[in-house]
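Taking it in order: structure first as structure tokens, then the write-up.
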Amino acid sequence: MINKKVNNVQEALKGVTNGMTFMLGGFGLSGIPENAIAHLVTLGINQLTCISNNAGVDDFGLGLLLQKKQIKKMISSYVGENDEFERQMLSGELDVELIPQGTLAERCRAAQAGMPAIYTPAGYGTEVAEGKETREFDGKMYVLEHAFKADFAFVKAWKGDEAGNLIFKGTARNFNPNMCGAAKITVAEVEQMVPLGTLDPNQIHIPGIFVQRIFKGAVYEKRIEQLTLRQRD
Amino acid sequence: MINKKVNNVQEALKGVTNGMTFMLGGFGLSGIPENAIAHLVTLGINQLTCISNNAGVDDFGLGLLLQKKQIKKMISSYVGENDEFERQMLSGELDVELIPQGTLAERCRAAQAGMPAIYTPAGYGTEVAEGKETREFDGKMYVLEHAFKADFAFVKAWKGDEAGNLIFKGTARNFNPNMCGAAKITVAEVEQMVPLGTLDPNQIHIPGIFVQRIFKGAVYEKRIEQLTLRQRD
Amino acid sequence: MLDKNGIAKRIAKEVQDGFYVNLGIGIPTLVANYVRDDIEVEFQSENGVLGMGPFPYEGEEDADVINAGKQTITTLPGASFFDSAMSFSMIRGKHVDLTILGAMEVAETGDIANWKIPGKMVKGMGGAMDLVASAENIIVAMMHTNKRGESKLLKKCTLPLTGVGCVKKIVTNMAVIEVVEQGFKLLERAPGVSVEAIKQATEGHLIIEGTIPEMNI
Amino acid sequence: MLDKNGIAKRIAKEVQDGFYVNLGIGIPTLVANYVRDDIEVEFQSENGVLGMGPFPYEGEEDADVINAGKQTITTLPGASFFDSAMSFSMIRGKHVDLTILGAMEVAETGDIANWKIPGKMVKGMGGAMDLVASAENIIVAMMHTNKRGESKLLKKCTLPLTGVGCVKKIVTNMAVIEVVEQGFKLLERAPGVSVEAIKQATEGHLIIEGTIPEMNI
């Protein structure tokens, strides 16, 4: 079995430099690569382009990189709940490309699957389609969207093994599987590193072939963004 | 929970008629919808177009429909191991469209995912690309391939529940998940129908939303095409 | 005049047995509370869950189980989790039967704007553009007028569009409206709201045919 | 002159530590038997398995666990199963490092034909067209000549193509050949086979530079 395990976040992030393009999994604060993000802050590299559905909140997730002005450009679908983001965007300090969420997912998957571009109806007739090629199929209009190109994909899984096989949990799965293998180097961080052979081959969400490095995250805060409860009767 | 369960293959196949286009899961004889195929033979409907990676063997799988001359056209990637198929094809009785296996999978997935067409490098410069649109992206040539349109998809899973959730086993998975939701009506047959709530939501391969009807197959032969063994020392 | 819960209650009547439904943030989320008990409906959330249940009791919340509004949720028996690509396969592939979402503006042509106010509010479209581009059945849940009292049912949207010609039905605090080829067709009035008041509050072309019944909630 | 196992043995030397490898039907399948023990390699089969092991012992075969040749197989610890779309994502997305497959003809331009003999044999291309269109590293394993003694290394393929300009290396019963811009570059001779014999058996342009070493198997 080809061993993808590295010992810590330092080893896992070897090779990241200024100006690179990163993909980062997660939806809101759920399933984000917390350890990779924290280490990117420590490394202090900047001029980054980040492809991530959201931009974190002011004091967690990608918000930490925004606070340090390490991000040059964000490609996201939804960036509410982040005042610093909105400030940098409206002031023009931060370049922002907002794209439909399904388009974001499919542009990742296209990169993973070796497809150069996809056609989606999302955004047709809106400013998202401006300057893009459109085309009719069966009487419906579609927008041509290109596969992403990224240097690193940082994903977070629940369980993994040294072969790089991954299993995600609940809705923390989201974009993480679609980003695996969609960048030159995919770095997976996991909550639990399990012995080789203990994951059921039938139940692996992402086979290790899509992952170059895997490590056990030192700590997971797993912050809840909108705690919403039901009253007990 | 929306209940997709029907009692038997007769109910599951209601509405199939002459001249329809079907998708059928399976690779070789592994993971084929045995009960649906057997009932299609019984129903005797003909002039069918079948989208299936293979065409079975002379006396099993889609070979049974071929023997009865119920199939007008096959869309497959590999049709060896079937003498009757080869006879009908070379004599011109059977219309055959051979396409690359990855293209077959992706044309199913495109139909499932509401994408009208995809670009693949497979087949560029070969007769498979004749008459098709080709296009360069980043210096490489791709062929435009359209999503399939089918009336019914017949798939076979290992376990399922009345919500239509499916779990496949081993390499019997193959095209089955990609065909779910890729036709107007998806009919899943399962070896085991388990009580609602017993499948782990995290480990469902195909959510029930992609399945319209589900039933427990009465009998599974699960024939092995190429039994290959290792000698014990 | 309805409040937000009233709007949600009225929309709940549009939900049919066997429907897979995607609920947007805000008023749409409330719809789940009012769907009839005797029909089977499954709620999909685009962040990757089908078969959502009620919010969790205290202590049962899980950071790994949320909806698209980032709220903690629970799941019902038969639920499933999946990745974002598969989630939007459900949406783009028209497997989701009904989409209910909020809007800042709707045009008489069915155009919708709900994701951006230039120079001011830039939250992003999230999954809304995918939803409106693909859903065959879209209901908009919103107030009839904005905070300044201006109509949100317009001849033409003034804000950047989310989708073109896609809205089929609108339920507001004042009325139920169907978007037809000629414009906004008034179907029902909210309790105590006159046709004249709706006309006043609607900038786009309002079609009034015969007697307009009061909503039955 | 090598036999099939000899060809497989020579090709096995091309397999490097950390490679994900897809083996075609026939001679390529034999390669797995000869890969060095001290390197880590994983075998992918396009029907949906990564981490294939040896064939099963009698009684351990499972109709649900086969390779692309429809043979019963076993899996090693760390293996995974997946659907066809994901399998070809691995292939099309260049995640598989090395593809080894058979051929009926190879042209000096790197074209390959291996799926059809018009009017005669129509088995289909299976996954071969996807593999050759995407793999950066393709080795063809075949006999140097066909049953009628005719060269299979041609100026131009006569049979319908599987892929264009994609073959990088060919290992036959007679030689190891690299496909370069000018044609077939002879790298190694099989034990006991003369350069002259290879020249005779090669219809395409054969490039012979310096002394050609005998294979070291």
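Residue numbers begin at 1 in each chain, while the letters A, B, ... track the order of the sequences.
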What part of [X] lies closer than 4.5 angstrom to a heavy atom of chain D: side chain, backbone, both or neither?
| X | answer |
| --- | --- |
| B/Asn54 | side chain |
| B/Val128 | side chain |
| B/Tyr124 | backbone |
| B/Asn178 | side chain |
| B/Glu221 | neither |

Using a cut-off of under 4.5 Å on heavy-atom pairs, state which of B/Ile224, B/Asn174, B/Val96 scores highest against chain D.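 Option with the greatest count: B/Asn174.
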Would you sort out whether B/Glu127 and D/Lys116 count as a salt bridge (Lys or Arg N to Asp or Glu O under 4.0 Å), showing the intermediate values? CA-CA 11 Å; B/Glu127 65 178 55; D/Lys116 184 179 185 180; 2.6 Å; yes
Contacting moiety of [X], where chain B heavy atoms sit under 4.5 Å:
| X | result |
| --- | --- |
| D/Ala113 | neither |
| D/Thr162 | backbone |
| D/Glu60 | side chain |
| D/Asn67 | backbone |

State, yes or no, whether a side-chain contact exists between D/Glu61 and B/Leu227 at a heavy-atom distance under 4.5 Å.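 The answer is yes, as the side chains (C-beta and beyond) meet within the 4.5 Å cut-off.
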Under the 6.0 Å and 45° cation-pi test, does B/Arg173 pair with D/Phe81?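 Judged by the rule, B/Arg173 and D/Phe81 form no cation-pi pair.
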Would you please go through residues 164-172 of chain B and name the residues with a non-hydrogen atom below 4.5 Å from one of chain D, in numerical order?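 Only B/Lys169, B/Gly170, B/Thr171, B/Ala172 of residues 164-172 of chain B have a heavy atom under 4.5 Å from chain D.
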List the residues meeting ring-ring contact (aromatic ring centres under 6.0 Å, His included) with D/Phe82, not counting sequence neighbours, and say none if there are none.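 In terms of ring-ring contact (aromatic ring centres under 6.0 Å, His included), with neighbours along the sequence ignored, D/Phe82 is linked to no residue.
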If you count the non-hydrogen atoms of other residues, nucleotides and ligands that lie under 6.0 Å from CD in B/Glu136, is the total more than 12?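 Enclosed.
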With a 6.0 Å cut-off (strictly less than), is the heavy-atom count around NZ of D/Lys152, excluding the residue itself, greater than 12?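 More than 12 within 6.0 Å, yes.
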